[in-house]
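Order of appearance sets the numbers: ligands from 1, and atoms from 1 within every ligand.
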Amino acid sequence: MKRTVWRAGLAAIGTLTLSTAVFAQAAQPPTRAITNIGGDLYRVQDNQHYTVFLVTPEGIILGDPINPQVATWLKGELATRFPNRQVRYVLQSHHDFDHASGARVFNDTAELVGHADFNAELRKAQSSVPEFFAALDLNKNGRFEKAEMQGQFGAFLAVQDRNGDGTVTPAELYTDVMPVETTFTDRRTVTLGGKTVQLIHPGTAHAKDMAVLYFPAERVVFAVDYLPVKSLPFGFAPSTPQDVIASVRAVETLDFDTITPGHGEVGAKADVTAYRQYVEDLVAGIQEGIRAGRTVEQLQAGNMLDKYKAWPNYAMQRNQNIAEVYGILKAPAR
Ligand SMILES: [Zn+2]
Ligand SMILES: [Zn+2]
């Protein structure tokens with residue numbers, strides 16, 4: 001148990017960094033854009049969050065709705081740009097509220113689809129503080145009081161206070177996430193207007209209900225939160241580096257050219273392989289260090305992972321990645 005608690009603490013520190021970056025702009029006017037990324041496939045930006053949609057003669061297939069404000073804005077944009085093409089499907093990458101909220105906006109015309117574990121994970125999330133906000137819950141009472149919602153990051157949380165009682169509960173964070181209506185377990189092909197997208201469960205990295213979207217004709221993969229492009233991870237919990245490696249390999253087996261992530265820049269297939277290699281190098285370097293009797297601090301002071309120095313968040317995340325994986329590998333087997 002001790003090990004679990006310690007790991008959770010480290011993960012919270014790392015994910016707080018993520019969340020600060022991801023949610024920092026919440027208090028400012030949003031940066032939103034729609035960009036074509038090949039054929040009839042488009043990428044949608046809302047600040048640091050991204051989704052995709054595919055236009056077909058019989059309607060539109062949308063990925064994550066992100067949140068109700070984005071969904072409402074997007075619905076208007078789609079009506080102008082693609083008149084008479086309704087959104088027929090919303091394909092959820094996973095249940096996390098900052099990607100999955102807002103599907104209700106499209107539910108009059110769209111079927112909501114997600115992994116078979118989506119609804120169970122959603123129910124769990126509605127009753128416990130999300131791992132990536134855990135560090136803010138200073139008094140560990142499972143909700144956020146005014147004193148815990150300071151700064152830009154806290155401001156993001158504060159706007160989720162639906163009933164205005166000054167406290168944000170997990171249920172309030174998940175108010176706008178609807179359960180999915182149909183599910184899949186390993187793989188499902190959705191066909192509309194002669195075009196297809198596959199939902200693929202790559203494994204349990206980041207979330208048990210993780211789904212990647214594969215657009216075979218456009219040769220594009222949409223993957224959220226567990227597979228960054230030219231970027232170090234913000235932590236592995238609640239999964240392990242081994243889970244992540246397996247889930248990245250599942251994507252590498254697909255035939256595609258472009259990866260469009262839920263955060264950050266678009267990349268090539270080679271970036272997917274480079275990310276898997278980063279995680280493998282991290283694990284191998286720490287295994288070697290542990291065998292040689294080195295401490296976390298000694299490994300952090302050394303030159304491991306130097307070849308990834310050019311990735312923009314290297315300086316910010318490297319030492320935290322080393323500490324987290326060291327803790328995982330050093331812990332006695334359960
Ligand atoms: Zn997530
Ligand atoms: Zn995310």
Side-chain angles (χ1 to χ4, degrees), residues 8 11-12 14-26 30-32 43-52 62-67 69-71 90-103 114-115 117-126 128-136 152-153 156-157 160 170 173-174 176-178 180 199-213 221-240 243-244 247-248 251 259-267 275 312-313 316-317 324:
T15 45
L16 183 59
T17 316
L18 159 72
S19 305
T20 306
V22 166
F23 298 112
Q25 296 179 37
T31 300
R32 288 178 181 154
R43 189 175 203 224
V44 179
Q45 175 187 14
D46 177 63
N47 294 331
Q48 310 297 322
H49 287 75
Y50 294 84
T51 186
V52 289
L62 174 65
D64 292 327
I66 302 182
N67 65 49
Q69 294 74 30
V70 176
V90 174
L91 311 181
Q92 297 280 23
S93 68
H94 65 305
H95 69 283
D96 280 350
F97 76 93
D98 63 309
H99 294 274
S101 296
H115 185 263
D117 288 324
F118 183 101
N119 290 347
E121 292 299 301
L122 171 59
R123 280 193 297 274
K124 265 193 250 169
Q126 283 165 335
S128 61
V129 166
E131 188 133 15
F132 50 89
F133 282 135
L136 278 192
Q152 285 184 311
F153 182 38
F156 176 85
L157 271 182
Q160 314 288 329
L173 292 179
Y174 279 86
D176 293 315
V177 183
M178 285 186 79
V180 292
L199 294 112
I200 296 168
H201 178 55
T204 59
H206 181 76
K208 206 177 161 194
D209 56 322
M210 186 56 70
V212 301
L213 303 186
V221 168
F222 173 62
V224 179
D225 284 349
Y226 87 90
L227 211 178
V229 170
K230 293 187 181 73
S231 181
L232 275 61
F234 295 96
F236 296 99
S239 40
T240 65
D243 294 331
V244 170
S247 293
V248 176
V251 168
I259 171 109
T260 173
H263 301 283
E265 294 307 306
V266 168
Y275 180 68
N313 66 345
M316 191 169 79
Q317 290 301 132
E324 184 185 2

Between Asp243 and His206, do the side chains contain a donor N or O and an acceptor N or O under 3.5 Å apart? no

Considering all heavy atoms, the nearest Pro65-Ala100 contact: CG-O, 3.5 Å

Nearest 0.5 Å, please: how far is OH in Tyr174 from CZ in Arg123? 14.0 Å

Using only heavy-atom distances, determine whether the side chains of His99 and Asp225 contain a donor-acceptor pair under 3.5 Å. yes

Side chains of Thr204 and Met210: does their closest heavy-atom pair fall under 4.5 Å? no

Between the side chains of His95 and Asp209, is a donor N or O closer than 3.5 angstrom to an acceptor N or O? yes

Checked the Zn ion (ligand 1): protein N, O or S atoms closer than 2.8 Å come out as His94 NE2, Asp96 OD2, His206 NE2, Asp225 OD2

Tell me, which N, O or S atom in His263 is closest to the Zn ion (ligand 2)? NE2

Hits for side-chain hydrogen bond (donor to acceptor under 3.5 Å, both in side chains) against Ser101, two or more places apart or cross-chain, chain-then-number order -> none

The Zn ion (ligand 2) contact by His49, N, O or S atom under 2.8 Å: no

